[in-house]
Amino acid sequence: MKFKSTRDTSVNPTLVSAAYAIKTGLAPDGGLYIPESVPALTGADFDALIPMTYEERAAKILSLYLTDYTYDELYADACAAYAPEKFGEYAAPLRAMSDGVYSLELWHGPTCAFKDMALQIMPRLLSRALAKTGEKRTAHILVATSGDTGKAALEGYKDVDGVKISVFYPVDGVSMMQKRQMQTTGGNNTYVAAIRGNFDNAQTGVKEIFGSADLAQKADEAGFFFSSANSINWGRLVPQIVYYISAYCDLVKSGDIAFGDRINICVPTGNFGNIFAAYLAYEMGLPVNRFICASNQNDVLTQFMETGVYDRRREFHKTISPSMDILISSNLERLLSVLGGAEVTRDLMAQLKTDGIYQAPTGLTAKVKALFSGYSLNDCETKAEIASVYEKDGYLIDPHTAVATGAVKKYRAQTGDMTKTVTASTASPYKFAPAVAEALGMAEPDDIFDLLDQLAQKTGTSVPAPLAETRTLPVRFNDVYDPDEMPEAVFKA
Ligand SMILES: *Cc1c(COP(=O)(O)O)cnc(C)c1O
């Protein structure tokens, strides 16, 4: 299996190995790597997958894409990534809600959000990729974060061979819990610093380091090179295919569906990575009837699914589901390329860059609409959904998940399609405790840890250990830099 750029229009596209795609992240023409063809799962494959553990399913599915890795390597990495000490009994459990909706809980990992599902295994894949491509230098991962990605990346890259990681966050731009999670990170290859400025300042600082030939040379002399943990890396996408197939297997196993029954899949979407992974599962043979793309008030994708027009020239809204506050959904490019081809993709991406808007051709729009529906919820609707699900199902969900379950309701009301639906639940409610508590009408104490305890008491659930323990873990990282001091910080890290 080889990979090509979403924008490569040549008759014989340049093909690279999985290890190379994972090591380099972005293709040289600015496109994203996609598989040259999508491997098919047969009925016999599903029969084999159904009785397997999550780790075995992961190794089997990853081995279809990462053909330059052995099955044993992938199985060892999956076992290390999804170990019970990290994810509890089962990495991606399904919880039945009412009316044939199932919540696929993807937040049992070390940072209580779904990014752990990819970021726990991707660093191991990268570490192997370095060996497979003859790389002698250390990969120094640089991350600018507005909160969640930074901690998930730190936990994933912590103590992995051949890599080190530095994370920069805006000094006043992350929540108290997020800051504490990052500052207390362990590991002998991790570094965290605050930047005086906002997220854009931190992001620009990282991009300038990536773009500097001088710094690249200086790094080379010191025995390392800069790399990113960005969600457009193929190594972050491929592990996400696994849990959709796994969820289907679990529904068959439990007798909730018969093999071959089609399901709907709803994903709370920001950068379009998670839902694109679900789409790949469908292309591989997963019986899916429809994808519901759920957005918050930043509803650029909702409009795209309806009209084929992608228009980023709109107001940016800060919402209670901040991990979906996004105007450019980078991974949508992968869907455009698979459905519409490289030439169309290249043109549309150029238009987006220069004009901030594009209109997909009619044929491509029709293909998207045949499979995807987009719905959005504002913050008020999201809080009402959290309260309603808690009341009806006794189930506590976070604002991102609520955007998704609310979108399912809107879709069903509009279409009458009551197909059983798997909804991606992307964060623990405790990770976004202030918004959840407000939705339940609770008074908010000043101290975040008191709030977690009160939420646990009220709902009879428990505070996830990784969040609870940050209360007592020592703060390891207290550095604060100006943006122009970031290169210095990186070389000191
Ligand atoms: C990152 C994130 C999302 C969005 O996922 P994409 O793959 O970017 O679409 C949704 N919910 C949570 C909690 C996240 O952290």
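Whatever order the structure lists them in is the order used to number ligands and atoms, beginning at 1. Nothing here was measured: the structure is a model prediction, and the numbers come from that model.
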Q) Salt bridge check: are K151 and D116 linked by an N-O gap of less than 4.0 Å? A)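 No, this pair does not count.
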Q: Please determine if D148 and K431 form a salt bridge, counting it only when a charged side-chain N lies under 4.0 Å from a carboxylate O.
A: yes
Q. Does any N or O in the side chain of S321 come within less than 3.5 Å of the main-chain N or O of P399, such that one atom is a donor and the other an acceptor?
A. no
Q: Taking D355 for its side chain and I357 for its backbone only, find out whether a donor-acceptor pair lies under 3.5 Å.
A: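 Looks like no, no N/O pair under 3.5 Å.
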Please tabulate, line by line, the atom pairs linking an N/O of ligand 1 to a protein N/O at a distance below 3.5 Å, with the distance in Å to 0.1, or answer 'none'.
residue	atom	partner	partner atom	Å
ligand 1	7 (O)	G273	N	3.3
ligand 1	7 (O)	N274	N	2.9
ligand 1	8 (O)	N271	N	2.7
ligand 1	9 (O)	G270	N	2.8
ligand 1	9 (O)	N271	N	3.2
ligand 1	9 (O)	F272	N	3.1
ligand 1	11 (N)	T426	OG1	2.8
ligand 1	15 (O)	K115	NZ	2.5
ligand 1	15 (O)	S323	OG	3.4

**Q.** Between SG on residue C293 and CZ on residue F272, distance to nearest 0.5 Å
**A.**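 Output value for this atom pair is 5.5 Å.
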(Q) With side-chain hydrogen bond (donor to acceptor under 3.5 Å, both in side chains) as the test, pick out the partner of D77 among R128, Q120, R124. (A)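 The side-chain hydrogen bond (donor to acceptor under 3.5 Å, both in side chains) with D77 is passed solely by R128 among R128, Q120, R124.
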